[in-house]
Amino acid sequence: MRIGWPRRVSAQVLLMQLASAVGVTALATGLFLAPLSHQLDEQAMRRALAIAQTVALNPQVEADLVSSRPTPDGPVQAEAERVRLETHALYIVVMDTHGIRWSHTDPKEIGKTVSTDPSVALRGEEIMQIDSGTLGRSTRGKVPLYDASHRIVGAVSVGIAYDGILDRALRLAPSLLMYAGAALAVGVLAAVWGSRRLQRATHGLAFADISALLDEREAMLHGIREGVVALDRDGRVRLVNDEAQRLLGLAEGTDADSGTGTGTGASGGGAEDVTGRLLDDVLPPSRTTDVLAGRVEGADLLTVSGGRVLVANRMPTGDGGAVVTLRDRTELELLGRELDSTHGLLDALRAQDHEHANRLHTLLGMLELGLHDEAAGYVAEVADTHRASAEEIADRVRDPLVSALLVGKTAIAAERGTALRIAPGTLLPDRVVDPRDVVTVLGNLIDNALDAAGGHRTVPAPFVEVELRAEDDTTLLLRVSDTGPGVPPDARELIFTEGWSTKERPPHRGRGLGLALVRRLAERYGGLARVTARAGGGAVFTVVLPEALAPGAASAEPVAPEPVFAVAGEAAR
């Protein structure tokens with residue numbers, strides 16, 4: 001069985017911690033023993049020196065050294081042996097100025113020259129050292145011996161048996177091992193506990209697996225076509241993938257909701273610019289920010305960011321943070337609106353078909369009755385009336401796309417029993433910069449107004465009035481009023497919020513986006529969108545679009561004393 005380096009992160013960390021614990025224990029033991037050895041050596045040498053000084057200060061020893069001979073039974077040997085026995089010294093040697101021993105542990109050595117050089121002590125200096133002599137290894141203290149006239153008459157050398165720190169450590173090994181083992185056991189238990197926690201946190205993965213997972217996560221997050229924003233428990237951004245940067249407008253460093261280019265703190269356009277920052281500092285106050293921060297609850301929440309319709313879902317994480325996914329529903333929403341437009345066109349064609357059938361039946365009846373002149377007059381009148389209504393709209397609304405929208409909406413309005421009225425002051429010059437934006441705003445407002453007026457049957461003759469005119473050379477004003485129930489004052493801001501609607505949600509798309517898109521589009525132009533009450537009941541929606549018209553010569557206002565009602569096939573004044 002081959003034993004190698006373990007693959008799991010927890011096992012590798014455990015081995016590293018165990019090695020660290022053993023190394024730290026050994027290092028701590030060594031660091032403890034090193035100063036201890038020096039202290040013990042210093043203490044033993046000073047003890048030997050102190051005994052030597054005590055003997056040298058004894059006046060009887062000096063007197064006996066001067067007055068007697070170096071013999072084993074002499075007074076110097078007797079005094080030295082007495083002190084040695086009391087202090088448990090290895091030896092006490094008293095010597096004269098010639099280095100001749102007057103005392104020694106072995107009486108046979110008395111009268112002989114000392115084995116070490118006594119010149120330092122005989123010069124009047126005190127020394128202490130560790131050395132080996134005839135009696136083995138010992139700590140030594142040597143001091144000069146003075147007479148009453150303070151002349152050096154000899155020296156005293158004291159040795160204490162000393163086996164060093166190694167021998168003492170061997171004697172103390174059981175105690176040292178016990179303490180070191182206890183410290184090592186604590187370290188091992190801490191390492192095992194930390195390893196188990198790490199194993200649970202990493203799910204038993206190896207370093208290579210973690211690296212592969214990180215690479216796969218990066219590839220997945222930056223490759224999927226859904227935006228992903230990860231937040232911590234404090235609302236700080238932890239991760240933003242490429243799609244989320246695009247959907248929220250962070251990659252361009254623009255205002256993610258209004259699109260005005262004011263910036264969101266992501267200048268330079270990278271996720272690194274917003275990572276670690278509070279979400280409220282990255283995005284401006286808006287429904288999008290509230291949805292991402294979790295201040296709006298629910299699934300598949302609709303929001304509008306930079307003209308894009310987004311569907312957001314927020315999933316909390318175990319550490320108190322959250323991961324928000326964003327799906328771009330703009331194309332689907334546009335398809336839904338195109339489908340609504342197609343349905344509206346079909347309704348208009350159905351209404352026209354029904355009206356043409358009625359006219360043909362009337363014409364057939366006149367012909368069968370022989371009323372040929374009346375039939376010809378009826379055909380001319382119908383043709384002139386229809387042509388006059390279309391020409392009236394085209395004369396006041398000179399942009400082809402917008403006038404075509406109004407002509408088509410008249411048939412739908414007539415089918416619903418509601419008159420679509422062009423206000424007397426209407427005049428849209430053929431200088432619209434982007435007619436599609438005007439069609440988007442006007443189409444949403446007319447559809448909502450038709451729904452409101454058609455569903456409010458308390459008014460005998462419901463109608464919707466449209467006004468388009470240039471406020472100045474480049475500013476366009478759109479105003480759509482209806483005879484519906486109106487908008488309560490407390491809901492006049494809510495109706496421009498994404499997802500807010502009183503209508504039943506259709507199966508192919510969401511509700512509550514039309515007016516939100518209208519306001520976002522107006523704000524993109526630097527204008528505004530608001531709703532007020534209409535005199536006599538109903539609502540008035542006003543949208544101002546600065547810079548929506550190309551600069552040009554001012555057109556003369558048309559003279560129209562009365563509003564024009566456009567009804568399917570019938571123009572009424």
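Residues that satisfy the side chain to side chain contact (heavy atoms under 4.5 Å, CB included) test with Pro546, not counting sequence neighbours, are Thr475, Tyr525, Val544. Judged as a salt bridge (charged side-chain N to carboxylate O under 4.0 Å, His left out), and not counting sequence neighbours, Glu226 has no contacts. Residues satisfying the side-chain hydrogen bond (donor to acceptor under 3.5 Å, both in side chains) criterion with Thr542, sequence neighbours excluded, are Arg479. Qualifying side-chain hydrogen bond (donor to acceptor under 3.5 Å, both in side chains) partners for Arg314, counting only residues two or more places apart in sequence or in other chains: none. Remark: Arg238 engages Asp319 in a salt bridge (charged side-chain N to carboxylate O under 4.0 Å, His left out) (not counting sequence neighbours). Checked against side chain to side chain contact (heavy atoms under 4.5 Å, CB included), Ser403 has the following partners two or more places apart in sequence or in another chain: Ile393, Val397. For Glu493, the side-chain hydrogen bond (donor to acceptor under 3.5 Å, both in side chains) test picks out Arg519, with sequence neighbours left out. In this structure, the side-chain hydrogen bond (donor to acceptor under 3.5 Å, both in side chains) partners of Asp434, at least two apart in sequence or on a different chain, are Arg436. Legend: residues meeting side chain to side chain contact (heavy atoms under 4.5 Å, CB included) with Asp490, ordered by chain and number and at least two apart, are Pro488. Asp290 meets the salt bridge (charged side-chain N to carboxylate O under 4.0 Å, His left out) test with Arg295; sequence neighbours excluded.
Looking at heavy atoms from C-beta onward, Ile422 lies out of side-chain contact with Leu468 at the 4.5 angstrom threshold. Leu406 places a side-chain heavy atom less than 4.5 Å from the side chain of Ile446. For the pair Val402/Val439, a side-chain contact is recorded, criterion being any heavy-atom separation below 4.5 Å from C-beta on. Contact check for Gln245 versus Asp242: side-chain heavy atoms found under the 4.5 Å cut-off. Between Val323 and Val229, the closest side-chain pair of non-hydrogen atoms is not below 4.5 Å. Side-chain contact check for Leu515 versus Phe541: some heavy-atom pair is nearer than 4.5 Å. With contacts defined as side-chain heavy-atom distances shorter than 4.5 Å, the pair Arg327/Asn313 qualifies. Looking only at side-chain heavy atoms (C-beta outward), Leu442 and Val480 come within less than 4.5 Å of each other.
Considering Val228, Leu248, Thr288 as possible partners of Leu326, the one that fulfils the side chain to side chain contact (heavy atoms under 4.5 Å, CB included) test is Leu248. Tested against Val518 for a side chain to side chain contact (heavy atoms under 4.5 Å, CB included), the candidates Val441, Asn448, Leu478 yield a single pass: Val441.
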Expected list for residues 528-538: side-chain donor-acceptor pairs under 3.5 angstrom, two or more places apart:
{"residue": "Arg534", "atom": "NH1", "partner": "Gly537", "partner atom": "O", "Å": "2.8"}

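Within the 3.5 Å criterion, the main-chain N or O of Val464 finds no donor-acceptor partner in the side chain of Thr418. Checking side-chain atoms of Thr289 against main-chain N and O of Asp280 turns up no donor-acceptor pair under 3.5 Å. Judged purely by atom type and a 3.5 angstrom limit, Arg398 has no side-chain atom pairing as donor or acceptor with the backbone of Pro429.
Among pairs with a residue in residues 183-194, none fulfils salt bridge (charged side-chain N to carboxylate O under 4.0 Å, His left out), at least two apart in sequence or across chains.
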